[in-house]
Amino acid sequence: MARFELKLPKMGESVAEATITNWLKEVGDRIEADEAVLEIATDKVDSEVPSEVSGVLVEQLFGKDDLVQVGQTIAIIETEGGEATSTANNAVAEAVAAVEQTVETAKDTVAAPVASSNLDKAKSDKFFSPLVKNIAAAEGVSVTELDGISGTGKEGRVTKNDILDYVKDRASQSAVKAVETPKQAPVAAAPVAQKAAPISVNGGDEIVEMDRMRKLISGYMVASVQTSAHVQSFIEVDVTNIVKWREKNKNAFEKREGEKLTYTPIFMEAVAKSLKDFPGLNISVDGDYIIKKKNINLGMAAALPNGNLIVPVIKNADQLNLVGMAKAVNDLGNRAKMGKLKPDDTQGGTYTVTNVGTFGSVFGTPILNQPQVGILALGAIRKVPAVIETPEGDFIGIRQKMFLSHSYDHRVVDGALGGGFVKRVAEYLEAFDVNRDL
């Protein structure tokens, strides 16, 4: 028998922690490899944590609603045979890997100024190079410890290899000690007094607490309105050519690509092109500073079956052709509905598009997805009578039209930029070639 430590996996560059929302397996349950053990939630998305091995769950180290850091052990699974390496070996290997990463970081920062730390404030009679100081600061090595290291350099100076060897030995010893020390049972938190729920006076009302995601959405929306000066521009667009082209090609597209062809990727393509023309909308605000984004990452607001909202992101959208855009839209949309999005799928957006027309709305006034400065709402496509200009004169005809509603942050985007951008989107859509090849 071996004991395998199930750790909270890395879920994205900017995700450092997650909350346990539900244990899918209880102590004593049999678990197969790749089977989900528990459900977790970040501030953006919910997901499952699968087991890397087959075995029996013997210990849960955290409970429901506990906050766990990435890399922390959350459960112990007892496996048969040699499926899992010993805990001590794992801990030592991780410590060595961390030190090796420190070496790479040190190589990149050797020429950089030494970071301010306790090393600068403490006194030492020995000379330490900037590289050695950088490594010591990064690893939390005190001046007293540095003084105690036997240097192999000229005149007994501590070299890079000397301090790396010291850090490696120290980390290995700490890891082994941590393994040998019996784990302490988590201390139960003192019970928190619960607020009494309001009582219905007529017996017909139902009081339901917001779920975790709705609370987050509520907080984001209120904060966005309080942060940004929202202003809107609206424009009506003739999308008759797009409707005709899609009707002509949607069956062939699905047969060839195995993907449904909706209007969304066509609109996303036009937005991405327009952002290249108007980079002033592809920015974010941080206090008194404007951050100009290099990549165009389009957020795509998606409604979930439970009524909540999530915004997966199409990375580098301007680099995708229509087929690639359709695949990205369908993939993110399907995984959002099934609850299979990863935290990275909702990170890094620079501009957002929401399709209010899906629910029959003609136009809307969406709230900004902070810290972005623009969001575009796509209204419903409708058949309307319109004046058609021809060389022979004007006449009334039936056209397919929709409204684009552009909300933007008036702190940094004025009417000329905000209105010019949504007009450019409209121009790309109206110029869509009805004879375009797939």
Side-chain angles (χ1 to χ4, degrees), residues 234-279 281-282 295-302 312-334 350-358 362-363 374-392 395 397-406 419-438:
F234 307 93
I235 192 166
E236 192 174 25
V237 191
D238 189 328
V239 292
T240 305
N241 286 347
I242 292 175
V243 173
K244 289 180 178 178
W245 181 85
R246 176 179 173 273
E247 287 300 316
K248 183 175 71 173
N249 291 284
K250 65 180 182 180
N251 292 333
F253 185 90
E254 184 172 4
K255 184 177 180 181
R256 189 187 78 184
E257 302 294 338
E259 301 278 351
K260 289 187 179 296
L261 179 62
T262 65
Y263 292 112
T264 302
I266 301 173
F267 298 143
M268 288 294 199
E269 182 184 56
V271 171
K273 288 180 179 178
S274 300
L275 285 172
K276 292 191 75 170
D277 297 340
F278 290 84
L281 265 300
N282 198 54
N295 299 326
I296 295 176
N297 299 333
L298 292 184
M300 179 184 73
V313 177
I314 302 171
K315 307 292 175 60
N316 298 309
D318 57 314
Q319 299 178 19
L320 299 176
N321 60 18
L322 189 57
V323 174
M325 188 73 79
K327 289 181 179 293
V329 166
N330 291 341
D331 173 58
L332 291 173
N334 290 334
T350 61
Y351 187 91
T352 297
V353 178
T354 180
N355 191 349
V356 299
T358 301
V362 178
F363 56 82
I375 181 171
L376 185 70
L378 309 172
I381 299 175
R382 304 168 299 133
K383 288 183 179 180
V384 296
V387 175
I388 302 174
E389 298 178 354
T390 70
E392 291 75 28
F395 67 93
I398 303 299
R399 305 294 289 178
Q400 301 272 6
K401 290 197 173 187
M402 65 182 292
F403 281 100
L404 302 179
S405 310
H406 186 209
F421 168 80
V422 71
K423 182 181 178 184
R424 183 60 54 84
V425 176
E427 290 170 350
Y428 278 125
L429 294 177
E430 291 186 339
F432 191 89
D433 185 2
V434 72
N435 298 312
R436 176 178 178 174
D437 292 331
L438 283 173

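Among residues at least two apart or in separate chains, salt bridge (Lys or Arg N to Asp or Glu O under 4.0 Å) pairs with a member in residues 381-392 are Glu236-Arg382. Residue pairs satisfying the ring pair (Phe, Tyr, Trp, His ring centres under 6.0 Å) criterion with at least one member in residues 234-262, sequence neighbours excluded, are listed as follows: Phe234-Phe363, Trp245-Phe432.
Atoms CD1 and CG, from Ile266 and Leu429 in turn, are 9.0 Å apart once rounded to the nearest 0.5 Å. To the nearest 0.5 angstrom, Arg246 atom CZ is 15.0 Å from Asn241 atom CG. For the atom pair Asn330 CG and Thr264 OG1, the distance stands at 8.5 Å (nearest 0.5 Å). Phe395 contributes atom CZ, which lies 5.5 Å from atom OG1 of Thr390 (distance to the nearest 0.5 angstrom). One finds the CD1 atom of Ile235 at 10.5 Å from the CG atom of Leu376 (value rounded to the nearest 0.5 Å).
A heavy-atom distance below 4.5 Å is found between the side chains of Tyr263 and Val243. Looking only at side-chain heavy atoms (C-beta outward), Asp277 and Phe421 stay at 4.5 Å or farther from each other. Residues Leu298 and Leu275 meet the side-chain proximity criterion, which asks for heavy atoms closer than 4.5 Å. The closest side-chain heavy-atom distance from Lys273 to Ile296 is not below 4.5 Å. Taking 4.5 Å as the limit, every side-chain heavy atom of His406 sits out of range of all side-chain heavy atoms of Val425.
Within a 6.0 Å sphere centred on NZ of Lys248, other residues, nucleotides and ligands contribute more than 12 heavy atoms.
Residues meeting the side-chain hydrogen bond (donor to acceptor under 3.5 Å, both in side chains) test with Arg436, sequence neighbours left out: Glu269. Every residue meeting the side-chain hydrogen bond (donor to acceptor under 3.5 Å, both in side chains) condition with Thr240, not counting sequence neighbours, appears here in chain and number order: Asp238, Arg399. Evaluation of the side chain to side chain contact (heavy atoms under 4.5 Å, CB included) rule for Ala380 yields no partner, not counting sequence neighbours.
Closest of all the heavy-atom pairs between Ala426 and Leu404 is N-CD1, 4.1 Å.
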Worksheet item: Hey, mind stepping through Val237 and Phe267 against side chain to side chain contact (heavy atoms under 4.5 Å, CB included) and telling me if it holds?
Response: CA-CA 12 Å; Val237 191; Phe267 298 143; over 6 Å; no
Using ring pair (Phe, Tyr, Trp, His ring centres under 6.0 Å), reason through Tyr351 and Phe278 one step at a time and then give a plain yes or no.
CA-CA 12 Å; Tyr351 187 91; Phe278 290 84; over 10 Å; no
*Output, in order, the C-alpha distance, side-chain angles, deciding distance and verdict of side chain to side chain contact (heavy atoms under 4.5 Å, CB included) for Val353 and Met268.*
CA-CA 8 Å; Val353 178; Met268 288 294 199; 3.8 Å; yes
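Using a cutoff of 4.0 Å between basic side-chain nitrogens and carboxylate oxygens, Glu427 and Arg424 are scored as salt-bridged.
The closest donor-acceptor contact from the side chain of Thr350 to the backbone of Asn297 lies under 3.5 Å. No donor-acceptor distance shorter than 3.5 angstrom exists from the side chain of Asp331 to the backbone of Lys327, with no hydrogens or angles considered. Side chain of Asn295 to main chain of Lys315: no donor-acceptor pair is present (N/O by atom type, distance under 3.5 Å, no hydrogens or angles).
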Please tabulate, for side-chain N and O atoms in residues 316-323, each donor-acceptor pair with protein atoms closer than 3.5 Å (sequence neighbours left out).
residue : atom : partner : partner atom : Å
Asn321  : OD1  : Val323  : N            : 3.2
Asn321  : OD1  : Gly324  : N            : 2.7

